[in-house]
Number of protein chains: 2
Amino acid sequence: MGRVTIADVAKRAGVSLASTSRALNGQVASAATVEKVRAAAAELGYIPDSAARSLRTRRTGQLAFAVADIGNPVYVEMMREIESVVAAEDYRLVVSRTGDADATVDLVRDLNRGYVDGLILSPLRVTDALVTALEASTVPAVVIGRLPDGAGVDTVMADSEGGVALAVEHLVTGGARRIAFLNGPADTTPGRFRHAGFLRAVAERNDLVSAEYSAEDFTIEAGYAAASAMFDSAEDPWDAVIAVNDLVGIGIMHAAATRGLTVPTDLAVVGIDNTSLTEVSHPGLTSVDLGSTRRGRKAAQLLLARMEDPELAPRAVRVPPSLQVRGSTTAQPSSVSRFASGEGRPR
Amino acid sequence: MGRVTIADVAKRAGVSLASTSRALNGQVASAATVEKVRAAAAELGYIPDSAARSLRTRRTGQLAFAVADIGNPVYVEMMREIESVVAAEDYRLVVSRTGDADATVDLVRDLNRGYVDGLILSPLRVTDALVTALEASTVPAVVIGRLPDGAGVDTVMADSEGGVALAVEHLVTGGARRIAFLNGPADTTPGRFRHAGFLRAVAERNDLVSAEYSAEDFTIEAGYAAASAMFDSAEDPWDAVIAVNDLVGIGIMHAAATRGLTVPTDLAVVGIDNTSLTEVSHPGLTSVDLGSTRRGRKAAQLLLARMEDPELAPRAVRVPPSLQVRGSTTAQPSSVSRFASGEGRPR
DNA sequence: ATGAAAGCGCTAACAC
DNA sequence: GTGTTAGCGCTTTCAT
């Protein structure tokens with residue numbers, strides 16, 4: 001026997017095709033019909049066909065999540081949260097890589113194939129073409145990141161500036177006066193805004209010495225290489241370094257260890273994103289929490305809301321930052337794991 | 001204007017609908033027709049509809065990857081590799097959680113909705129119902145893990161036994177005689193086979209003292225808790241502990257640090273999976289590499305091959321293990337990062 | 001090489 | 001409440 005279709009079920013149940021569809025989908029139908037159809041469907045092992053239903057309803061039950069690198073823990077954490085929110089509404093999640101700027105635009109254009117009902121996108125670089133494509137898209141999209149003011153697209157933003165300010169403040173309180181910022185690629189959204197936050201926070205005080213360095217990528221390896229170069233180039237040692245993200249921060253800690261520098265006494269290190277890596281490193285990495293899981297959740301909720309009502313005015317949600325202090329900036333708790341107390345990272 | 005369909009393109013190009021389809025899909029068509037159709041499609045911004053095409057062709061261009069927890073780095077690494085292999089063939093990747101055993105079976109049954117062309121599944125627990133569902137599935141599936149002998153399903157297996165033997169051998173060479181195994185849930189595939197490997201490796205020598213403990217989950221937290229309990233219960237200290245995976249291994253290192261035990265001198269620790277976490281911890285975590293990325297790649301290749309030719313006899317591929325030695329078992333390299341030398345983890 | 005027409009499996013008007 | 005029918009957008013016979 002081939003595929004069991006709704007027609008087979010209808011015949012078996014002795015009712016019309018339409019009634020079968022209605023009964024199966026909880027539309028108006030008499031109890032008797034529902035019963036007959038249910039039984040017939042169960043006997044035949046009927047399973048509705050996605051493609052046929054999608055063609056008819058113009059809905060797929062799928063959402064896409066697109067990021068530059070699914071290997072980065074911060075995206076993994078977002079994805080996990082997004083998956084759990086949308087799965088509760090019976091949506092499946094399709095993962096895509098954004099690739100370069102052109103590929104990202106292609107990805108957005110491709111939405112018009114109708115293979116998903118919505119998109120959550122966290123682009124590393126935002127181009128005009130991307131904004132245009134997003135605004136023109138018939139498929140709802142929400143962006144985790146920063147778009148130009150007035151872009152007609154739902155966005156969920158982190159408060160990078162505020163977050164970095166928390167880090168600077170914390171370091172200064174701990175006695176640091178010479179503070180460096182180790183950026184990633186400066187032409188990216190995180191690179192730009194996190195750096196800007198650093199500049200502003202430093203400018204608000206006049207007793208700080210600061211400088212910026214930059215890693216070629218948002219990875220441990222690139223962080224290690226850039227930190228090594230930084231150590232070579234600086235005449236006087238830095239009191240502290242703020243990394244553009246946790247991966248780069250870990251790279252800095254490795255480089256420091258290689259030089260025989262002790263963290264935090266010789267050098268304090270702060271990461272950004274507060275990923276689970278911060279608790280694996282030793283000492284633990286103090287990190288700015290930009291609310292990745294909350295941003296993921298918010299993005300999913302915004303998307304679901306927009307799909308519900310496409311006429312909604314575009315919204316921009318900003319998630320507040322916080323600072324998670326660990327051993328990389330304060331000597332006390334460095335040898336005692338937080339697992340001892342049973343407290344976890346905020347979820 | 002609404003959706004641009006192939007009919008619009010046909011009209012614009014002045015040829016029939018059928019010719020338009022053929023021209024667009026590289027079927028037989030005169031150069032002139034192709035040219036006209038191409039131009040018309042470009043002018044109108046035609047984008048083919050996925051659902052309609054899928055309904056007709058019975059293909060979706062999608063593959064599913066299902067695991068227990070997309071947060072576990074080992075699955076992330078597999079997913080990354082799988083995505084890159086299948087994206088090269090223009091497949092999209094749908095991620096799903098396996099959930100409990102029943103949910104896993106439901107997931108496999110649901111394949112018959114036809115929303116994907118194939119599935120890569122890495123189940124934590126394998127039930128008879130799951131094997132039956134897999135064998136009955138009309139949609140090709142490949143399992144990363146262990147199935148009962150003779151199951152008619154493509155599988156990619158790790159050599160857990162061989163891998164754990166490498167770890168034991170390495171520890172013994174380093175002078176360890178009292179070696180514990182810290183398992184995860186014993187009723188899971190990894191729990192069962194990794195433990196079995198330990199038992200066999202230990203049994204092959206008569207100069208070892210050993211014992212098994214077990215964490216409630218494959219996580220850092222559970223590893224920490226179980227290691228703490230282990231430290232409490234053991235009369236004499238262990239020379240070394242082999243963890244069921246890297247996460248549990250990291251948990252052990254945390255617990256050791258909390259007790260004031262120095263790794264590797266007081267206690268050597270070995271993880272399994274050789275995830276990127278092994279390079280974040282300090283000292284680096286020696287780990288058994290079970291070839292997660294290779295398994296991912298192999299699984300993707302097997303799946304693509306089976307979709308190409310469904311008549312293929314089921315295959316079982318076994319990926320060889322290796323051991324990656326780091327500071328958690330040997331004192332020398334513990335303070336110098338591997339990033340100094342520029343060498344990376346095997347890919 | 002091209003066109004006419006059927007039909008993939010389903011849902012949604014519409015009439016009863 | 002139920003049945004008949006049209007049609008979602010596309011690919012693929014089957015003629016020509």
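The chains referred to below are lettered A, B, ... by the order of the sequence lines, with proteins before strands, and numbering in each begins at 1. Source: prediction; values computed, not measured. Basis for what follows: all heavy atoms, side chains included, without hydrogens, waters or symmetry-related copies.
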Tabulate protein N/O versus nucleotide N/O from nucleotides 13-16 of chain D, keeping only pairs under 3.5 Å, one per line.
none

For [Y], does its backbone N or O pair with a side-chain atom of [X] as donor and acceptor, under 3.5 Å?
X: B/Q62; Y: B/Y115; result: yes
X: B/D117; Y: B/L63; result: no
X: B/T104; Y: B/T98; result: yes
X: B/D49; Y: B/A51; result: yes
X: B/N25; Y: B/Q27; result: no

Within the structure provided, determine whether [X] and [Y] are in side-chain contact (heavy-atom separation under 4.5 Å).
X: A/L304; Y: A/V85; answer: yes
X: B/L55; Y: B/R58; answer: yes
X: B/L121; Y: B/L130; answer: yes

* Is the closest basic N to carboxylate O distance between A/D100 and A/R125 below 4.0 Å? ->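 Answer for the salt bridge query: no.
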
* Are any of the side-chain nitrogens in B/D8 or B/R3 under 4.0 Å away from the carboxylate oxygens of its partner? ->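 No, no charged N to carboxylate O under 4.0 Å.
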
* To do: Measure the angle between the two terminal helix axes of the helix from C/dA1-D/dT16 to C/dC16-D/dG1, five base pairs each, and quote it to 10°.
  =>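 Axis-to-axis angle, ends of the helix: 30°.
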
* Heavy-atom contacts under 4.0 Å between residues 23-36 of chain A and DNA chain C, which residues? ->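 Correct list: A/N25, A/Q27.
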
* Asked: Which two nucleotides bound the region of DNA chain C that has atoms under 4.0 Å from heavy atoms of chain B, read 5' to 3'?
  ->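 Answer, 5' to 3': C/dA1 to C/dG9.
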
* Run through B/K298, B/R306, B/R315 and flag the one making a salt bridge (Lys or Arg N to Asp or Glu O under 4.0 Å) with B/D154. =>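 The salt bridge (Lys or Arg N to Asp or Glu O under 4.0 Å) with B/D154 is passed solely by B/R306 among B/K298, B/R306, B/R315.
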
* Asked: Can you list the steps and then say if A/D273 with A/L290 is a side-chain contact (heavy atoms from CB on, under 4.5 Å)?
  -> CA-CA 6 Å; A/D273 280 339; A/L290 294 178; 4.2 Å; yes

* To do: Determine, step by step, whether A/Y46 and A/L24 satisfy the side-chain contact (heavy atoms from CB on, under 4.5 Å) criterion, reporting the C-alpha distance in whole Å, the side-chain angles of both residues, the deciding distance to 0.1 Å, and the verdict.
  => CA-CA 11 Å; A/Y46 169 69; A/L24 254 18; 3.7 Å; yes

For nucleotides 6-9 of chain D, which of its nitrogen or oxygen atoms have a protein nitrogen or oxygen under 3.5 Å away, and what is each distance?
unit_1: D/dG7; atom_1: N2; unit_2: A/R56; atom_2: NH1; d: 2.9
unit_1: D/dG7; atom_1: N3; unit_2: A/R56; atom_2: NH1; d: 3.4
unit_1: D/dG9; atom_1: N2; unit_2: B/A52; atom_2: O; d: 3.4

* What residues, two or more places apart in sequence or in another chain, satisfy salt bridge (Lys or Arg N to Asp or Glu O under 4.0 Å) together with A/R22? ->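 A/R22: no salt bridge (Lys or Arg N to Asp or Glu O under 4.0 Å) contacts found.
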
* **Rounded distance (nearest 0.5 Å) linking atom CZ of B/R294 with atom CZ of B/R297** =>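 If I round to the nearest 0.5 Å, the distance is 7.0 Å.
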
